[in-house]
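Presented below is the structure to which this report refers.
Predicted, not measured: the structure shown is a model, and the values here were computed from it.
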Amino acid sequence: MPSSLAPLTDRVWTDQLERHVGEPVELKGWLHRLRRLAEVSFLILRDARGTAQVVIHDAALVERIAALQNESVLSVRGGVVAEPQAPGGVEIHEPEITVISEAQEAPPFDLYRPVIRAQLPTILDSAPVALRHPRRRAYFAMQAASMAGFRQTLRQLRFTEIQTPKIVGSATESGANVFALDYFGRPAYLAQSPQFYKQVMVGVFERVYEVGPVFRAEPHDTARHINEYVSLDAEMGFIENERTVMAVLTEVIRGMAAAIGEEAASALALLGITLPEVPGVIPDVHFLDAQAMITAATGEDLSHEPDLSPANERWLGEWARREHGSDFVFVRGFPMSKRPFYTARDPERPDFAAGFDLLFRGMELVTGGQRLHRYQDYVDEITRRGDDPANYADYLMAFRHGMPPHGGFAIGLERWIGQLVDAANIRETTLFPRDINRLSP
RNA sequence: GGCCCCGUGGUGUAGCCUGGCCUAACACGCCACCCUGUCAAGGUGGAGAUCGUCGGUUCAAAUCCGAUCGGGGUCGCCA
């Protein structure tokens, strides 16, 4: 028998039943719930797209199904009937049911309720089954659509997708903690970001992007930090200044939101979420002006603060919504003292970076900016910071051999979804979170 | 790492301060039965927890004390 795609292509999903009214179909999926009544019972079958109601009158068949635990895998053949009383307006009648795989025990919590009634640690401990819950699945459908939108937007702008190594030989970048590992007896590290490699690749493709994991060994324990997350990175050459990067980022965010609207519409509907409007031009504010506004409004003295606190970011998020009707706001020109060495300076205010953060509903979502591109600037900056350019020889090779003005950004995927769905904790929008206490599942 | 808080059936909680009536309660799940259309269905009954672990105080400990393990919040650190 030749191999065939038929088992996949012939599949009828629960969200397509309206198209099959009056026809016999075969559905496959999980036993979501059985509601038993005296004369009639309702089997709710769940597949990757949704749920369908199966009406059973046969008492013997009800007994067979009642003996199964929820989440058993079934095949259901029956006729599709339009029925106003049915959820969704269609249901399956006169079913013939085959048990494909029997669940061994009941789920640790009810997957058929509108929301899982368990605490986050319990949900995360049971991730293989908890992720099946329609609401939790919806988060990750939005995540998948976001990645697709990111890629699609950048491809249209002639960016090339790359994959850079996650095992690296030097701890690079700032003093942020890195995970060390044993690489055949030599020390190695998990990459904290694709920063160096994506810059190097600007010398090859001019415009590159990458979707991949980054690793942070910081021992923080907060609702917005995890130790492995997905970074949506882009880097581009021949920019005018950081404004070019901001314009590209605006398009990318717009593309990601649009992709969610197109590819994850049912997830949005299930969660009752309205997509944010991405303004044609996202409002921006200089770091110093942001601080001045916060001080004027709250009396908080920020004159010696080189960064914005989470509370400051929340204030700016509210300000952007109030004053500009925008869920997004750029903060430009952070002090150089807190920025990594490859950061380009604002030519008019050299103590401040030619870079930005993008806040989304009061949380930092993206960091980006223009980078240095002249070899001597790198040597000077690394030396000024008390480091040795020789430690960065491989990276600096790109600049020794000529690089254009360039810049880029990195979006935190889990934060993007977390803010969209108003999650209290970033772990809710992370498939299998890795944090200081959690290494499994 | 600092400070604060919490560990009670599969899940979520009550009880703890003011020790004994705790043979540990309630809701959901699970098991059995009932109910002509459910849709977070509804009803009746049942099983299931030596109250994280170890030690101490006491006639008596889920309850008080100590240690330990696990978890949460917050601040700090942190592209």
Side-chain angles (χ1 to χ4, degrees), chain A residues 32-45 51-57 59 62-63 66-71 81 83-89 91 93 103-126 129-130 133-135 172-178 191-196 198-199 214-227 229 231-233 235 306-307 309-311 334 338-343 353 355-358 364-369 371 408-412 415 424-425 427 435-438:
Chain A
H32 197 55
R33 178 64 164 162
L34 179 68
R35 296 194 189 95
R36 291 188 73 172
L37 285 81
E39 300 297 322
V40 63
S41 292
F42 301 94
L43 186 168
I44 309 302
L45 188 77
T51 57
Q53 174 159 289
V54 180
V55 182
I56 309 176
H57 284 95
V62 170
E63 286 306 318
L68 298 171
Q69 295 289 353
N70 283 353
E71 296 304 300
V81 175
E83 169 56 68
Q85 293 179 88
E91 60 188 14
H93 283 195
Q104 299 301 298
E105 58 183 295
F109 30 69
D110 302 332
L111 294 178
Y112 60 85
R113 293 187 188 284
V115 294
I116 296 178
R117 285 200 263 181
Q119 295 197 337
L120 187 58
T122 307
I123 292 171
L124 297 179
D125 286 343
S126 305
V129 58
H133 189 277
R135 287 185 71 96
T172 68
E173 282 209 56
S174 59
N177 296 332
V178 292
Q192 300 163 263
S193 98
Q195 182 64 33
F196 290 3
K198 70 178 182 175
Q199 283 186 264
V214 295
F215 305 91
R216 302 292 166 90
E218 292 133 15
H220 40 214
D221 192 2
T222 78
R224 63 183 187 286
H225 288 101
I226 42 180
N227 295 292
Y229 67 89
S231 185
L232 305 177
D233 271 272
E235 198 76 15
D307 206 346
S309 70
F334 283 87
K338 293 289 281 186
R339 297 280 126 172
F341 69 81
Y342 51 78
T343 306
F356 56 84
D357 277 2
L358 178 66
E364 177 186 333
L365 177 67
V366 186
T367 296
R371 328 297 188 189
F409 56 83
I411 305 170
R415 280 194 183 180
N425 192 308
R427 288 159 185 76
D435 65 32
I436 193 166
N437 298 311
R438 181 175 294 279

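- Going from atom NE2 of A:His225 over to atom P of B:rU74 covers 12 Å, rounded to whole Å.
- In this structure, A:Leu34 CG and A:Leu43 CG are separated by 5.5 Å, a value rounded to the nearest 0.5 Å.
- What separates CG of A:Asp125 from P of B:rG71 is a distance of 9 Å, to the nearest Å.
- Figure legend: cation-pi geometry between A:Arg339 and A:Phe334, with NZ or CZ positioned under 6.0 Å from the six-membered ring centre and within 45° of its axis.
- The backbone N or O of A:Gly408 lies less than 3.5 Å from a partner atom in the side chain of A:Arg371, making a donor-acceptor pair.
- Each of A:Ala118 and A:Ala223 was assigned the nucleotide of RNA chain B with the nearest heavy atom; the assignment lying further toward the 5' end belongs to A:Ala118.
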Where along nucleotides 29-38 of chain B does protein come under 4.0 Å, by heavy atom, of base (B) or sugar-phosphate alone (S), with - for untouched nucleotides? S-----BSBB
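- When the P atom is compared between B:rC22 and B:rA61, the two are found 16 Å apart, to the nearest whole Å.
- One finds a side-chain N or O of A:Asn425 lying less than 4.0 angstrom from the OP1 or OP2 phosphate oxygen of B:rG73.
- Computed from coordinates, the A:Ile436 CD1 to B:rG71 P distance equals 11 Å when rounded to whole Å.
- Distance check on atom P: B:rU38 versus B:rU74 gives 44 Å, rounded to whole Å.
- The pair A:Lys198-A:Asp233 meets the salt-bridge criterion, since a charged nitrogen lies less than 4.0 angstrom from a carboxylate oxygen.
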Quick one: the dot-bracket string of RNA chain B, using Watson-Crick and G-U wobble pairs with both distances under 3.5 Å, [ ] for crossing pairs and | for bases paired to another strand. ((((((((.[[[[.)....(....]]]].(((((.......))))).....[[[[[..)....]]]]])))))))....
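- Comparing A:Gln119 and A:Glu364 along RNA chain B, the residue whose closest nucleotide (by nearest heavy atom) sits nearer the 5' end is A:Gln119.
- One atom, CD1 of A:Ile116, and another, C1' of B:rC28, lie 14 Å apart when rounded to the nearest Å.
- Taking atom P on both B:rU11 and B:rU53, the two are 15 Å apart, rounded to the nearest angstrom.
- Taking the C1' atom of each, B:rC17 and B:rC64 are spaced 10 Å apart, rounded to whole Å.
- Separating the C1' atom of B:rC78 from that of B:rC5 is a span of 25 Å, rounded to the nearest Å.
- Relative to the side chain of A:Pro121, the nucleotides B:rG72, B:rC77, B:rA40 differ in distance, and B:rG72 lies closest.
- Comparing the P positions of B:rG45 and B:rC54 gives an interatomic distance of 37 Å, to the nearest angstrom.
- Take A:Arg33 and apply the salt bridge (Lys or Arg N to Asp or Glu O under 4.0 Å) test, not counting sequence neighbours, and it matches no residue.
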